Peer 1: 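Once you've had a glance at the structure underneath, I'll fire off some questions.
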Amino acid sequence: MQELAITVIGHDRPGIVADVAGVLAGLGANLTDSTMTRLRGHFAMTLVCTGPHAPAVEAALAPLTADGALLATVRAVQPEATGEVRGEPYLVSVHGADRLGIVAAVCRVVEEEGGNVTDLTTRLTGPLYLLIAEVDLPPDAADRLAERLREVGQRLDVEVTLRRAESDLL
Amino acid sequence: MTAPIDDLAGWTPESLGEPGAVRAVVTAPDPVLSRAGSEVDPRDPEVVRLAADLIATMRVSPGCVGLAAPQIGVGAQVFCVDVTGHPKAVTVHGAFALCNATVVEASRWRPGREGCMSVPDLTGDVKRASRLVVEGQLPGSGVTVKFAADGFEARALQHEIDHCAGMLFLDRVAGAHAVYQRKTYL
């Protein structure tokens, strides 16, 4: 058994998740972390599972991709330690008119301030472009990053906010 | 049953008459967290001891503002809450325990991100009423109280009442992408 990283993307239709998960279960591959969503009419799955060798999984998924409507990739990956605490969680929200390079510019300053993007979603709806990113920041990095994000926002003419992703223990 | 009184005045954990023992906190997927707790007799000495244990365990757990019986492995409708000093608290009734509590009125729903000692590695976005009226019985005397809570205390009460009904915040998250790896531990 090894850890596999699998992506499946294609024109959305009912049953993609059931089909792919069914193939994996049939091979004894245990689906662990996954994220699945619809991106402009395409259904996209990114998942990690523990299972047999990658070629066996690729072969089993082949009937699902044969008509060209779905594209699947399977790769063996090294297991990573999870749950490691690296920094403090913050949320970056960006909205404005669509421009080339918003994600690149925002994520570059996050990286330059020692932050790590842990989750990110973008949506383009009509003229509005939206980016929501979760980032881990080192202690004391937030004020400087907020200032640099403000500069990026001015340059790209988009609104940018950085706020602490607070959670309450109950 | 007598008519409920409208506040918790005069009740303190010391009213239970015993210090309580610190108990181990159970974590998901333990099945006790997913079962509805039994209704209890608030005058039963075992229930009084359970309430004292909940308060003692809450007090030694950093950042903990509430604890329900299923979280220490007991499937019963008993919990304690204490939001004293919390920056988001509006109403603060101090430390108290309640038996068989129910939500009477709920309004002004607000989102917020919650963590739970019984789900140590995840947090989630949950919409809760920020204005709440709760009715329940005080352990020991068995007196029925009915009181209003706002803001963070209201959120804590709903979280604990959910525990007593066999529900975790995971049962109420706002969507498939509203659950997060917890990154800061107290």
Side-chain angles (χ1 to χ4, degrees), chain A residues 12 16-18 20-21 30-39 43-48 79-93 110 114-123 130-142 162-170, chain B residues 25 58 61-68 71 79-83 86-89 110-126 128 130 151-163 167-170 172-173 175-186:
Chain A
D12 191 30
I16 296 174
V17 179
V20 173
N30 189 27
L31 197 164
T32 49
D33 285 13
S34 65
T35 181
M36 310 183 191
T37 193
R38 203 158 51 171
L39 305 172
F43 190 77
M45 312 169 65
T46 309
L47 59 95
V48 169
E80 298 271 336
T82 55
E84 191 182 340
V85 180
R86 289 206 179 98
E88 295 163 359
Y90 283 78
L91 283 167
V92 180
S93 305
V110 169
N116 187 35
V117 176
T118 56
D119 208 342
L120 188 147
T121 299
T122 66
R123 294 281 166 182
L130 172 69
L131 181 164
I132 308 286
E134 292 240 339
V135 298
D136 282 355
L137 296 182
D140 306 323
L162 176 71
R163 63 199 156 92
R164 185 80 196 246
E166 291 180 342
S167 61
D168 295 312
L169 183 65
L170 295 163
Chain B
V25 173
M58 175 175 70
S61 306
C64 180
V65 296
L67 198 64
Q71 293 182 275
F79 67 81
C80 64
V81 159
D82 184 4
V83 299
H86 194 281
K88 291 184 189 165
R110 301 272 187 272
R113 192 172 293 186
E114 295 183 8
C116 176
M117 286 178 73
S118 295
V119 189
D121 297 326
L122 298 173
T123 62
D125 294 332
V126 184
R128 302 277 194 192
S130 65
F152 187 64
E153 190 174 56
R155 179 173 291 272
L157 281 160
Q158 289 162 89
H159 184 104
E160 304 311 331
I161 290 170
D162 271 357
H163 270 305
M167 288 178 75
L168 299 172
F169 75 86
L170 300 175
R172 291 199 188 271
V173 287
H177 293 269
V179 175
Y180 311 86
Q181 284 287 328
R182 191 163 150 206
K183 289 162 189 163
T184 42
Y185 289 82
L186 291 158

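Convention: sequence-line order gives letters A, B, ...; per-chain numbering from 1. Quick caveat, the model's predicted, so the values are computed rather than measured.
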Peer 1: So, taking the atom named CG in Asp125(B) and the one named OG in Ser167(A), what distance separates them when rounded to the nearest 0.5 Å?
Peer 2: 9.5 Å
Peer 1: Give, as side chain, backbone, both or neither, the part of Phe152(B) having an atom under 4.5 angstrom from any heavy atom of chain A.
Peer 2: side chain
Peer 1: Nearest 0.5 angstrom please: Glu134(A) CD to Gln181(B) CD, how far?
Peer 2: 11.0 Å
Peer 1: Are Arg155(B) and Asp168(A) within salt-bridge range, i.e. N to O under 4.0 Å?
Peer 2: no
Peer 1: Pair Leu170(A), Val65(B) - check side chain to side chain contact (heavy atoms under 4.5 Å, CB included), show working.
Peer 2: CA-CA 5 Å; Leu170(A) 295 163; Val65(B) 296; 3.6 Å; yes
Peer 1: Counting heavy-atom pairs closer than 4.5 Å to chain A, which one of Met58(B), His86(B), Lys88(B), Gln71(B) comes out on top?
Peer 2: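 It is Lys88(B).
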Peer 1: Measuring from Ile132(A):CD1 to His177(B):NE2, what's the distance to the nearest 0.5 Å?
Peer 2: 13.5 Å
Peer 1: Name the option with the most non-hydrogen atom pairs under 4.5 Å to chain A; the candidates are Ala68(B), Gly112(B), Cys116(B).
Peer 2: Cys116(B)
Peer 1: Could you walk me through whether Leu169(A) and Met117(B) satisfy the side chain to side chain contact (heavy atoms under 4.5 Å, CB included) test, starting with their C-alpha distance in whole Å, then the side-chain angles of each, then the deciding distance to 0.1 Å, before giving a yes or no?
Peer 2: CA-CA 7 Å; Leu169(A) 183 65; Met117(B) 286 178 73; 4.2 Å; yes
